[in-house]
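Everything numeric in this text was worked out from a predicted model, so none of it was measured. The chains referred to below are lettered A, B, ... by the order of the sequence lines, with proteins before strands, and numbering in each begins at 1.
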There are 2 protein chains.
Amino acid sequence: MSANALPYRPHNHDACVSRALADARAICQQNNARLTPTRERVLELIWQSHKPLGAYDVLAVLAEDGHNAAPPTVYRALDFLQQHGLVHRIASLNSFVGCTHAGENHNGLFLICRQCSNVLELTAPAVASAVSEAASAEAFRPEDVTIEVAGLCPRCQADAGND
Amino acid sequence: MSANALPYRPHNHDACVSRALADARAICQQNNARLTPTRERVLELIWQSHKPLGAYDVLAVLAEDGHNAAPPTVYRALDFLQQHGLVHRIASLNSFVGCTHAGENHNGLFLICRQCSNVLELTAPAVASAVSEAASAEAFRPEDVTIEVAGLCPRCQADAGND
DNA sequence: GAAAATTTGCAACATTATAACATATGCAAA
DNA sequence: TTTGCATATGTTATAATGTTGCAAATTTTC
Ligand SMILES: [Zn+2]
Ligand SMILES: [Zn+2]
Ligand SMILES: [Zn+2]
Ligand SMILES: [Zn+2]
């Protein structure tokens with residue numbers, strides 16, 4: 001009965017990909033950074049779905065492409081994309097997902113479904129400020145905040161029998 | 001000028017270790033779980049300091065002990081300790097730290113100093129409820145929440161020149 | 001004390017990530 | 001235009017982290 005967010009309902013995912021690539025091109029131009037073919041291809045692959053993808057998964061697809069790539073190629077592309085805020089690494093899964101708030105200077109909070117693997121990235125100001133206060137109370141100066149919530153997405157809750 | 005938490009000031013760390021081991025014995029007894037010598041030794045090693053320790057670091061010390069251990073020994077002990085809430089895994093570091101709230105049924109928030117590596121575990125109800133609300137707003141059912149804050153602890157801020 | 005369950009030992013293997021160095025490419029001045 | 005520089009990529013090897021599967025040993029239960 002709720003207005004489900006994108007990954008949780010059928011949608012024209014090609015539009016997601018196109019938008020992500022267009023945003024990336026704009027952001028890189030603005031930053032004077034070079035979105036080379038390899039980097040763009042890796043970003044496109046990461047955006048294949050809203051499920052995070054491992055570096056070696058990306059590598060495998062590149063191989064299918066006929067691209068003769070080794071791990072450093074992928075990790076370097078992913079580093080670049082992360083640095084420009086185009087993808088995020090999900091620490092609890094050792095994998096990568098496209099950023100849905102590119103260019104917004106945000107700290108993501110990730111809702112990760114343990115069933116279907118889809119990830120929803122949120123910006124949650126209330127969470128950010130609560131974390132900030134908790135850190136302040138200990139005189140700790142935060143620089144990088146990782147918030148990953150594993151659980152069941154609305155769709156998978158329904159599938160599992162609504163208990 | 002603030003009342004620094006434990007890891008950030010000199011303290012009798014042997015007391016930390018003793019308390020952790022005593023708590024562990026009590027909790028395991030209560031849970032009908034067996035804190036075998038290997039498990040207890042691994043817990044003790046994890047508690048060597050307030051800095052997280054990698055599984056292979058633990059393994060190396062076991063080897064020095066003369067204990068003929070392989071990776072599964074360590075990972076199994078760590079799994080056991082995690083299941084009983086005696087240690088936590090820090091996803092962003094692939095390493096493990098002793099739980100300072102054992103037996104309290106908590107979701108930890110970890111403040112991780114990038115300089116000295118010390119970790120302070122907090123229970124931050126305000127953060128927990130903010131996360132819970134953010135998830136609810138998306139109809140997501142959280143099961144496991146990871147919150148890791150990297151930054152500078154008060155001590156290392158001071159050392160770095162108080163800017 | 002025998003049967004069942006749990007724990008450990010052990011070997012091999014799988015996955016994720018980085019180091020080091022060579023080559024190539026784009027870009028800007030001379 | 002070519003020289004030089006910074007950036008990006010290719011390539012090989014290796015490091016670091018984590019798992020599977022099965023056999024032996026230990027502990028618990030009956
Ligand atoms: Zn989509
Ligand atoms: Zn993002
Ligand atoms: Zn201590
Ligand atoms: Zn804890």
Side-chain angles (χ1 to χ4, degrees), chain A residues 24-25 27-46 51-63 65-84 86-97 112 117 146 148, chain B residues 24-25 28-46 51-63 65-84 86-97 117 146 148:
Chain A
R25 282 187 277 260
I27 288 168
C28 286
Q29 184 147 33
Q30 204 167 348
N31 294 8
N32 247 335
R34 292 167 50 198
L35 190 63
T36 62
T38 303
R39 290 166 175 173
E40 184 166 335
R41 179 65 175 140
V42 169
L43 180 59
E44 188 184 11
L45 291 177
I46 289 294
K51 307 179 203 288
L53 213 56
Y56 280 78
D57 298 326
V58 173
L59 190 60
V61 182
L62 287 182
D65 279 6
H67 187 309
N68 186 8
T73 299
V74 174
Y75 281 102
R76 288 194 282 227
L78 289 170
D79 283 350
F80 172 90
L81 295 169
Q82 273 184 95
Q83 260 154 25
H84 293 86
L86 301 172
V87 308
H88 295 288
R89 190 183 129 91
I90 305 294
S92 56
L93 298 176
N94 296 328
S95 59
F96 301 83
V97 74
I112 305 163
S117 302
T146 300
E148 298 175 11
Chain B
R25 282 187 277 259
C28 287
Q29 185 147 32
Q30 204 168 346
N31 294 8
N32 247 336
R34 292 165 51 197
L35 190 63
T36 62
T38 302
R39 289 165 175 174
E40 184 166 335
R41 178 67 176 138
V42 169
L43 180 60
E44 188 184 11
L45 291 177
I46 289 293
K51 307 179 204 284
L53 213 57
Y56 280 76
D57 297 327
V58 172
L59 190 59
V61 182
L62 286 181
D65 279 6
H67 187 308
N68 187 8
T73 301
V74 173
Y75 282 102
R76 287 193 284 227
L78 289 170
D79 283 350
F80 172 90
L81 295 169
Q82 274 185 94
Q83 260 155 25
H84 293 85
L86 301 171
V87 307
H88 295 288
R89 190 183 130 92
I90 305 294
S92 56
L93 298 177
N94 297 329
S95 59
F96 301 82
V97 73
S117 302
T146 299
E148 299 175 10

**Report entry** Non-neighbouring partners of R25(A) that pass side chain to side chain donor-acceptor pair (under 3.5 Å), sequence neighbours left out
**Finding:** E40(A)

Report summary line: With sequence neighbours left out, the residues meeting side chain to side chain donor-acceptor pair (under 3.5 Å) with S92(A) are E148(A)

Report task. Carefully, step by step, assess I46(B) and F96(B) under the rule side chain to side chain contact (heavy atoms under 4.5 Å, CB included). Result -> CA-CA 7 Å; I46(B) 289 293; F96(B) 301 82; 3.8 Å; yes

Nearest-Å distance for atom pair [atom1]/[atom2], residues [X] and [N]:
X      : N       : atom1 : atom2 : value
I90(A) : dA17(C) : CD1   : P     : 12 Å
Q82(A) : dA17(C) : CD    : C1'   : 13 Å
N94(A) : dA14(C) : CG    : C1'   : 13 Å
Y56(B) : dT15(C) : OH    : P     : 14 Å

Query raised in the report: Earliest and latest nucleotide of DNA chain D, 5' to 3', sitting under 4.0 Å from a non-hydrogen atom of chain B?
Result: dT17(D) to dT27(D)

Query raised in the report: Considering residues at least two apart in sequence or located in another chain, which fulfil the side-chain contact (heavy atoms from CB on, under 4.5 Å) criterion with R39(B)?
Result: R34(B), L35(B), T36(B), A77(B), F80(B)

**Report entry** Contacts of type side-chain contact (heavy atoms from CB on, under 4.5 Å), residue R41(A), not counting sequence neighbours
**Finding:** E44(A), L45(A), V61(A), L62(A), D65(A)

Requested in this report: For V87(A) and V97(A), run side chain to side chain contact (heavy atoms under 4.5 Å, CB included): C-alpha distance rounded to whole Å, both residues' side-chain angles, the deciding distance at 0.1 Å, then the answer.
Outcome: CA-CA 6 Å; V87(A) 308; V97(A) 74; over 6 Å; no

Query raised in the report: At what distance, to the nearest 0.5 angstrom, does CD1 of I90(B) lie from CG of L53(B)?
Result: 12.0 Å

Protein-nucleic acid N or O pairs under 3.5 Å, nucleotides 3-7 of chain C:
unit_1 : atom_1 : unit_2 : atom_2 : d
dT7(C) : OP1    : R39(B) : NH1    : 3.3
dT7(C) : O5'    : R39(B) : NH2    : 3.4

Requested in this report: Kindly indicate whether the side chain of P52(B), heavy atoms from C-beta on, has any atom under 4.5 Å from the side chain of L93(B).
Outcome: yes

Report task. State, with a plain yes or no, whether a side-chain heavy atom of R89(A) is found less than 4.5 Å away from one of Q82(A). Result -> yes

Query - Contact list for residues 51-62 of chain A, test side-chain hydrogen bond (donor to acceptor under 3.5 Å, both in side chains), sequence neighbours left out - result: none

**Report entry** Within residues 67-76 of chain B, residues whose heavy atoms come under 4.0 Å of DNA chain C
**Finding:** H67(B), N68(B), P72(B), T73(B), R76(B)

